[in-house]
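Here is the structure we will look at, set down as structure tokens.
To find a chain, count down the sequence lines: A is the first, B the second, and so on, and within it residues start at 1.
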Amino acid sequence: MSTLPPKLTELVEDFEAVGPSDRLQLLLELSRELPELPERFLDHREEMEQVPECQTPLFLAVEVAPDRERRVRLFFAAPAESPTTRGFASIMATGLDGEPAADVLAVPDDFYVRLGLAEAVSPLRLRGMAAMLSRIKRQVRDRSAP
Amino acid sequence: MPPTPDTDPKFTEYAHPERLVTTTWLAEHADDPGIVIVESDEDVLLYDTGHIPGAVKVDWHTELNDPVTRDYVDGARFAELMSAKGISRDTTVVVYGDKNNWWAAYALWVFTLFGHPDARLLDGGRAKWIAEDRPMTTEAPARERSDYPVVERDDSAIRAFRDEVLAHLGKPLVDVRSPGEYTGELLHMPDYPQEGAVRGGHIPGAASVPWARAAAADATFRPRAELEAIYAGEAGLSPDDDVVVYCRIGERSSHTWFVLTHLLGYPTVRNYDGSWTEWGNTVRVPIATGSEPGRVPGSP
């Protein structure tokens, strides 16, 4: 369990500490906290990758800093009418933004199971979260290749 | 006494205009005692970000599906759900939701399995209500509990099961998924995780009519003449047909079921809710790939 970055661990523990309906409230709060897209992406949506598995328009962009730790920056765009997708994106942003590439790549693909959302959000929709993580990892790999 | 139907001129062309209401009608009747507004969305959190004042939420995943078996709730659970929401057997239920009423139509289809007499859709759904700047609230509605009777679900008229679909091969089928899902190519993209089927393609003989074609840009249903051109003209359906519609898990096809049944008046339309997640994972059932309906096994 020590493979999750510290902020993601904290989030997972927050979800584990409460019951199913409070988990949804937590996800709703997170959806409101998803950071705005920086201006440089606003006019360049084509530089972002779409995540069709979310069944709702979600775009993500990944940057890997040229420093020694190759820190990862994550950017998301999802409309207000898709709060669940925004909540999932916000979990990624809160838990993984600014972390070293190696730590992002080490996050288990099924970490989201520990959030305990399967009862409230259908398993089919939860796969959107898995897809988001796998696309983030693929971009991190592509962008940190020597 | 049930509220007067909406007499909007567009609706009068439809076969069962009493199954639809406009946003204007709903704004006028929202507080009528015999009406309960139900929001049903794909997104489980959307209702909590704001809903039509007084509307209750019905969640397809946690409330309409059985939590263990892949099936809908039984009569007792449905009665409990309705009672908790303050819905009686004689209530006029007006359902609306996100994404062209996709999930709202699914909820209405499930209400129909239990024979709820008066269930209507809000034409244009959540999107149109918001686009018209009508009131929304995050305040939870205070509805008194009701006493809904236990009515057993009747799956015979509007629901189709796998073996029935196998026996139906050669008769009209409508696949309402996207063109990529229909041809089978979506399952073959490398490195892209997909929802649940090990084989791609469609049921042999099925016509491809993506569900959202029935909706106009403002999420309302297209006028009858345009719907006739799509379903009778392009897909070659006729009201005498015994029609089965399907998608991936039966939600998008509920929307098409509503269009064929209530707007065009086809009397025999069943929704195959097992849909592609069942068919595409079932051993030895026939599958067609590519953009043509394909040959039905055993036919000349």
Do other residues, nucleotides or ligands put more than 12 heavy atoms under 6.0 Å from the CZ atom of B:Arg145?
-> yes
Flag for B:Asp43-A:Ser82: side-chain donor and acceptor within less than 3.5 Å = no
Partners passing side-chain contact (heavy atoms from CB on, under 4.5 Å) against B:Ala215 (at least two apart in sequence or in another chain) = B:Asn100
So how far is it from A:Glu119 CD to B:His61 NE2, rounded to the nearest 0.5 Å?
-> 8.5 Å
Would you please go through residues 44-51 of chain B and name the residues with a non-hydrogen atom below 4.5 Å from one of chain A, in numerical order?
-> B:Val44, B:Leu45, B:Leu46, B:Asp48, B:Thr49
Give, as side chain, backbone, both or neither, the part of A:Arg86 having an atom under 4.5 angstrom from any heavy atom of chain B.
-> neither
